[in-house]
**Student:** 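Have a look at the structure that comes next, please.
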Amino acid sequence: MRRKYGIAGALISAMLALTACGGGSTGGNPLDTTSAAPSGSAAAAGGKAVVGSFDFPESVLLASIYAQALEAKGVQVEEKPNIGTREVVIDQVKTGGLTVVPEYNGNLLAFLDQKNTAATTDDVDAALKEKLPAELEVLDSSPAEDKDSLSITKETQTKQSLNTMEDLAKVSKNMTFGGPPEFKERWEARLKEVYGLEFKEWKSTGATTADALKDGSIQVGNVFTTDPKMTANNLVAVQDTKNIFPAQNVTPLLNKAGATDTIRTTLNDISAKLSTQSLLDMMRSISVNKDEPATVAKEWLTSNGLG
């Protein structure tokens, strides 16, 4: 009898424990990250969101804008900045580890379909909706655009008359290229196929690419067009005459199952007001003035009635 009583007692205790985890003020099973929050809480009103970013400052800024705006709408937010490259981040959005990440529509399309030739914002967005895995969705693309570029110093441009990619292809074999480590894998074959571009050496320069161009350790670099160092370091983007780099509008990427109407509406409102100039201004505050991304994000949200 003692054994029977022990088993029954254990079962009753387990049932009580499960009941406690399933309701009351604790908000559901702590091991179930998708469980609903208790009625009346901020999370119940707006849902939950894990907001991530890639490992570069502009992505961190945009993620902070998303996170703060969602919190203002009653969404329970967890921020995960500086996660890593697209290969890592997209997988986390697919599996639900992240709810939303600020993306760039053209680069996302190239990641999903390297041979796709869509170039304009509308064409890229249309192609994206066909290529996205079932677990993902994109919201409205903003007018704000931050494109990849092959950049050189103005001195190099003037000395060698390098205005277009075709001009660059004539001399590229004598030049060293710098950029993020993943750029070579993604773009080397395409640059050679479309423009005949080949470089003497490829260097992984990451966030220091613009400075490496300035000090001459590389001659060509992959620099984003909204990087304040384009102006500060006297750099110029070589004209991409065949649109190898498609439209790169800031576009929210979501885990479809984790998104709510509040999340979708809030992020679309942000996209409607975000411009390339405002992105440039905010990045200048971070890069030149050394302001914190969260502070810059808050100021932009407040000035646009979204904070």
**Student:** Would you say the side chains of N163 and Q157 form a donor-acceptor pair under 3.5 Å?
**Tutor:** yes
**Student:** With a 4.5 Å heavy-atom cut-off, do L254 and V138 have their side chains touching?
**Tutor:** no
**Student:** Who pairs with T251 by side chain to side chain donor-acceptor pair (under 3.5 Å), at least two apart in sequence or on another chain?
**Tutor:** S141
**Student:** Does some side-chain heavy atom of V101 sit less than 4.5 Å from a side-chain heavy atom of V51?
**Tutor:** no
**Student:** Can a donor-acceptor pair be found between the side chains of D140 and S271 at a distance below 3.5 Å?
**Tutor:** no
**Student:** Hey, are the side chains of S151 and L213 touching, using non-hydrogen atoms and a 4.5 Å cut-off?
**Tutor:** yes
**Student:** Would you say the side-chain atoms of E155 and N234 include a donor-acceptor pair closer than 3.5 Å?
**Tutor:** no
**Student:** Between N243 (side chain only) and F245 (backbone N and O only), is there a donor and an acceptor less than 3.5 Å apart?
**Tutor:** no
**Student:** With side chains defined as the heavy atoms from C-beta onward, is the minimum distance between N222 and P180 less than 4.5 Å?
**Tutor:** yes
**Student:** Quick one, K48 and V75 - any side-chain contact, counting heavy atoms below 4.5 Å?
**Tutor:** no
**Student:** Would you say Y195 and T164 make side-chain contact, with heavy atoms under 4.5 Å?
**Tutor:** no
**Student:** For residues 53-62, tabulate all N or O donor-acceptor pairs below 3.5 Å that involve a side-chain atom, not counting sequence neighbours.
**Tutor:**
unit_1 : atom_1 : unit_2 : atom_2 : d
S53    : OG     : N82    : N      : 2.9
E58    : OE1    : T226   : OG1    : 2.6
E58    : OE2    : Y104   : OH     : 2.5
S59    : OG     : F54    : N      : 2.8

**Student:** Can V288 be reached from M282 by stepping across I, L, V, M, F, W or Y side chains whose heavy atoms are under 4.5 Å apart?
**Tutor:** no
**Student:** Count I, L, V, M, F, W, Y as connected when their side-chain heavy atoms are under 4.5 Å apart, and connections chain through other members. Are L235 and L162 then in the same cluster?
**Tutor:** no
**Student:** State whether the side chain of T99 and the backbone N or O of V50 hold a donor-acceptor pair below 3.5 Å, judged by distance alone.
**Tutor:** yes
**Student:** Tell me whether L132 is reachable from L139 by hopping between hydrophobic residues (I, L, V, M, F, W, Y) whose side-chain heavy atoms are closer than 4.5 Å.
**Tutor:** yes
**Student:** For E137 and K256, run salt bridge (charged side-chain N to carboxylate O under 4.0 Å, His left out): C-alpha distance rounded to whole Å, both residues' side-chain angles, the deciding distance at 0.1 Å, then the answer.
**Tutor:** CA-CA 6 Å; E137 68 174 297; K256 190 180 294 184; over 6 Å; no
**Student:** Taking N289 for its side chain and D291 for its backbone only, find out whether a donor-acceptor pair lies under 3.5 Å.
**Tutor:** no
**Student:** Can you tell me how far the CG atom of D211 sits from the OG atom of S217, to the nearest 0.5 Å?
**Tutor:** 9.0 Å
**Student:** Start with the C-alpha gap between R264 and D261, add the side-chain angles, then the distance that decides, and say whether salt bridge (charged side-chain N to carboxylate O under 4.0 Å, His left out) holds.
**Tutor:** CA-CA 5 Å; R264 293 183 179 95; D261 289 342; 3.7 Å; yes
**Student:** If you round to the nearest 0.5 Å, how far is CD1 of I90 from OG1 of T85?
**Tutor:** 9.5 Å
**Student:** Does a salt bridge link R86 with E103, judged by any charged N lying under 4.0 Å from a carboxylate O?
**Tutor:** yes
**Student:** Of the non-hydrogen atoms in A247 and E145, which two are nearest, and what is the gap between them?
**Tutor:** CA-OE2, 3.2 Å
**Student:** Should K200 and M175 be marked as a side-chain contact (heavy atoms from CB on, under 4.5 Å) after you check the CA-CA gap, both sets of side-chain angles, and the distance that decides it?
**Tutor:** CA-CA 5 Å; K200 177 178 66 177; M175 293 179 158; 5.9 Å; no
**Student:** Under the 3.5 angstrom rule, does the side chain of S172 hit a backbone N or O of E198 as a donor-acceptor pair?
**Tutor:** yes
**Student:** How long is the span from the CG atom in D167 to the CD1 atom in I152, to the nearest 0.5 Å?
**Tutor:** 9.0 Å
**Student:** Determine whether a donor-acceptor pair (N or O, by modelled atom type, separation under 3.5 Å) exists between the side chain of N233 and the backbone of K214.
**Tutor:** no
**Student:** Which distance, rounded to the nearest 0.5 Å, do you find between the CE of M283 and the CG of D146?
**Tutor:** 8.0 Å
**Student:** Taking all non-hydrogen atoms of both residues, which atom of T209 and which atom of G178 are closest, and how far apart?
**Tutor:** CG2-O, 3.6 Å
**Student:** Can you spot which of V223, D240, L191, I244 makes a side-chain contact (heavy atoms from CB on, under 4.5 Å) with L150?
**Tutor:** L191
**Student:** Do L136 and V93 make a side-chain contact, defined as non-hydrogen atoms from C-beta onward lying under 4.5 Å apart?
**Tutor:** yes
**Student:** Assess whether side-chain contact (heavy atoms from CB on, under 4.5 Å) is satisfied between F177 and K203, documenting all intermediate values.
**Tutor:** CA-CA 6 Å; F177 182 93; K203 285 187 177 181; over 6 Å; no
**Student:** Tell me, with the steps shown, if L108 and N105 meet side-chain contact (heavy atoms from CB on, under 4.5 Å).
**Tutor:** CA-CA 5 Å; L108 177 57; N105 57 354; 5.7 Å; no
**Student:** Just by distance, do the side chain of S149 and the backbone of T225 share a donor-acceptor pair under 3.5 Å?
**Tutor:** no
**Student:** With no hydrogens and no angle check, is any side-chain donor or acceptor of N255 less than 3.5 Å from a backbone partner on L98?
**Tutor:** no
**Student:** Just so I know, are the side chains of T266 and E71 near enough to count as touching, which here means a heavy-atom distance under 4.5 Å?
**Tutor:** no
**Student:** Check the surroundings of atom NZ in K147: do more than 12 heavy atoms from other residues, nucleotides or ligands lie under 6.0 Å from it?
**Tutor:** yes
**Student:** Please round to the nearest 0.5 Å and tell me the distance separating atom CG of L70 and atom CD of Q68.
**Tutor:** 10.5 Å
**Student:** Would you be so kind as to tabulate the donor-acceptor pairs closer than 3.5 Å made by side chains of residues 295-307, with sequence neighbours excluded?
**Tutor:**
unit_1 : atom_1 : unit_2 : atom_2 : d
T302   : OG1    : K298   : O      : 2.9
S303   : OG     : E299   : O      : 3.2
S303   : OG     : W300   : O      : 2.9
N304   : ND2    : W300   : O      : 2.9

**Student:** Hydrophobic clusters here meaning ILVMFWY residues chained together by side-chain heavy-atom distances under 4.5 Å, can you tell me if V88 and L112 are in one?
**Tutor:** yes
**Student:** With no hydrogens and no angle check, do the side chains of T120 and D123 hold a donor and an acceptor under 3.5 Å apart?
**Tutor:** yes
**Student:** Start with the C-alpha gap between E166 and K242, add the side-chain angles, then the distance that decides, and say whether side-chain contact (heavy atoms from CB on, under 4.5 Å) holds.
**Tutor:** CA-CA 10 Å; E166 289 87 352; K242 297 180 181 178; 3.6 Å; yes
**Student:** Find the distance between CG (N249) and OG (S142) and round it off to the nearest 0.5 Å.
**Tutor:** 6.0 Å
**Student:** Within a radius of less than 6.0 Å around CD of E292, do more than 12 heavy atoms belonging to other residues, nucleotides or ligands occur?
**Tutor:** no
**Student:** For a salt bridge (charged side-chain N to carboxylate O under 4.0 Å, His left out) check, start with the C-alpha distance between D91 and K94, then their side-chain angles and the critical distance, and finish with the verdict.
**Tutor:** CA-CA 5 Å; D91 185 62; K94 283 179 66 177; 5.5 Å; no
**Student:** Taking atom types as modelled and ignoring hydrogens, do the side chains of S275 and Q277 form a donor-acceptor contact shorter than 3.5 angstrom?
**Tutor:** no
**Student:** Answer yes or no: are there more than 12 heavy-atom neighbours, outside E201 itself, under 6.0 Å from its atom CD?
**Tutor:** yes
**Student:** Under 3.5 Å, is there a donor-acceptor pair linking the side chains of T153 and T156?
**Tutor:** yes
**Student:** Can a donor-acceptor pair be found, under 3.5 Å and without considering hydrogens, that links the side chain of Q114 to the backbone of F111?
**Tutor:** no
**Student:** Could you tell me whether a side-chain N or O of K184 sits under 3.5 Å from a main-chain N or O of P181, the two making a donor and an acceptor?
**Tutor:** no
**Student:** Any donor-acceptor pair under 3.5 Å linking the side chain of Q219 with the backbone of T176?
**Tutor:** yes
